[in-house]
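Notes follow once the structure below has been shown.
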Amino acid sequence: MSAEIRSDIYSDRKDKNTMDSERVNKVLDAWKTHLSEIRNCPENLSAEVLWQVLCELEQTYFCTVKGIPFTYIINGHEMFVNRKEKSITQATVVLSARRVLEKQAQGAVISGPKKIGTFGASYLYPIFRQIGLITEKTNATEDD
């Protein structure tokens, strides 16, 4: 299957460089507060807060562990990565986030996408790192 860019679902989206930075900062601050509260209690992860952060980061460029650039959009309860035809559902994203938090609470190192072990992990891993879900201090070695 080719990794062509899904231009059909990206064509009508606004440029994220023009987004309201005050709103974005407010959402990111709420996320950081929430994350600090649930770091050792993954079952209390708010799907709504996580999804709101991901909505604010739409069309931000990320790179996979292998250095492949990608971006995504949110449409309803699905995340569409521009390099995939299938979407990553909100349920999968939340499950993956909880799995990461649980493993880190147990002292495990999330050193790469394989450690997440869910569909779309190669795309979720760099996003989770960017938003602080996967902490730098637990990722001293990245070999996956």
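Only heavy atoms go into these numbers, but all of them, side chains included; no hydrogens, no water, no symmetry mates.
- When atom types are taken as modelled, the side chain of Arg39 and the backbone of Leu133 share a donor-acceptor pair closer than 3.5 angstrom.
- Residues Phe62 and Pro126 share a closest heavy-atom pair of CD2-O, 4.1 Å.
- Of all non-hydrogen atoms in Phe119 and Lys86, the two that sit nearest each other are CZ-CB, 4.0 Å.
- Summarising the geometry of Thr135 relative to Gln104, their closest heavy-atom pair is N-OE1, 3.3 Å, with the distance given to 0.1 Å.
- Looking only at side-chain heavy atoms (C-beta outward), Ile88 and Tyr72 stay at 4.5 Å or farther from each other.
- Taking SG from Cys63 and CZ from Arg129, the interatomic distance works out to 12.0 Å, rounded to the nearest 0.5 Å.
- Of all non-hydrogen atoms in Ile74 and Cys55, the two that sit nearest each other are CG2-SG, 3.8 Å.
- Aromatic ring centres of Tyr123 and Phe70: separated by under 6.0 Å.
- Annotation: the span from Thr33 atom OG1 to Ile38 atom CD1 amounts to 11.5 Å, rounded to 0.5 Å.
- Looking at heavy atoms from C-beta onward, Ile131 lies out of side-chain contact with Leu35 at the 4.5 angstrom threshold.
- The side-chain heavy atoms of Phe80 and Glu58, taken from C-beta on, include no pair separated by under 4.5 Å.
- Remark: side-chain polar atoms of Ser87 are not paired, donor with acceptor, to backbone N or O of Met79 under 3.5 angstrom.
- Atom-to-atom distance recorded for Glu56:CD and Lys26:NZ is 11.5 Å, nearest 0.5 angstrom.
- Contact of the Thr64 side chain with the Tyr125 side chain is not registered, since no non-hydrogen atoms from C-beta on lie closer than 4.5 Å.
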**OP:** Before giving the answer on side chain to side chain contact (heavy atoms under 4.5 Å, CB included), spell out for Trp31 and Leu54 the whole-Å C-alpha distance, their side-chain angles and the decisive distance to 0.1 Å.
**Re:** CA-CA 10 Å; Trp31 168 250; Leu54 296 179; over 6 Å; no
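- Looking at His34, its side chain never comes within 3.5 Å of a backbone N or O of Val49 through a donor-acceptor pair.
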Acceptor/donor pairs from residues 90-102 side chains to any protein atom, 3.5 angstrom cut, sequence neighbours excluded:
from: Gln90; atom 1: OE1; to: His77; atom 2: ND1; distance (Å): 2.3
from: Thr92; atom 1: OG1; to: Thr89; atom 2: OG1; distance (Å): 3.0
from: Ser96; atom 1: OG; to: Thr92; atom 2: O; distance (Å): 2.8
from: Ser96; atom 1: OG; to: Thr118; atom 2: OG1; distance (Å): 2.5
from: Arg98; atom 1: NE; to: Pro42; atom 2: O; distance (Å): 3.4
from: Arg98; atom 1: NH2; to: Leu45; atom 2: O; distance (Å): 2.9
from: Arg99; atom 1: NH1; to: Ile116; atom 2: O; distance (Å): 3.2
from: Arg99; atom 1: NH1; to: Gly117; atom 2: O; distance (Å): 2.9

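- The two residues Arg83 and Ile68 make their nearest non-hydrogen contact at NE-CG2, 3.1 Å.
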